[in-house]
Amino acid sequence: MFAWAQWLSWVYDKAMPDNWRASSQLAGWRSTAALYARTLGAHPRADLTVRTFPDGNHNLHRSPTGGLREMIGMPERRAVEGDYETMAGWLEEKVGAG
């Protein structure tokens, strides 16, 4: 079985941008790891893809801090660089070209 807690710990410590790491303590990555272990871990063919976008908030808009006040006060919402291309590439890989 895949070690979800170990993987999420690595993501939290190494792959997450600093602005996410500071605000994500409320997200409870340990409970997320337990959920993944119960659901994805129970299915040998389960597939999970994770990509982080520096300077992106939870909605994948460009945001230096990712904070709620910052998001509310945004005069315009611009997608992080590579967001759409990443989603399109993932869909093409998993579902196939349409």
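Everything quoted here is computed from the prediction, not taken from an experiment.
- Between atom OG1 of residue Thr86 and atom CG of residue Leu91 there is a gap of 11.0 Å, rounded to the nearest 0.5 Å.
- Nearest heavy-atom pair across Asn57 and Ser63 is CB-CB, 3.7 Å.
- A salt bridge (charged side-chain N to carboxylate O under 4.0 Å, His left out) check over residues 45-54, counting only residues at least two apart or in different chains, returns the pairs Asp47-Lys94.
- In this structure a side-chain-to-backbone donor-acceptor pair under 3.5 Å is missing from Asn59 to His61.
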N/O donor to acceptor pairs below 3.5 angstrom from side-chain atoms of residues 73-82, sequence neighbours left out:
{"unit_1": "Arg77", "atom_1": "NH1", "unit_2": "Met74", "atom_2": "O", "d": "3.3"}
{"unit_1": "Arg77", "atom_1": "NH2", "unit_2": "Met71", "atom_2": "O", "d": "3.0"}

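- Of all heavy-atom pairs between Thr49 and Trp90, the closest is OG1-NE1, 3.1 Å.
- With contacts defined as side-chain heavy-atom distances shorter than 4.5 Å, the pair Thr65/Glu70 qualifies.
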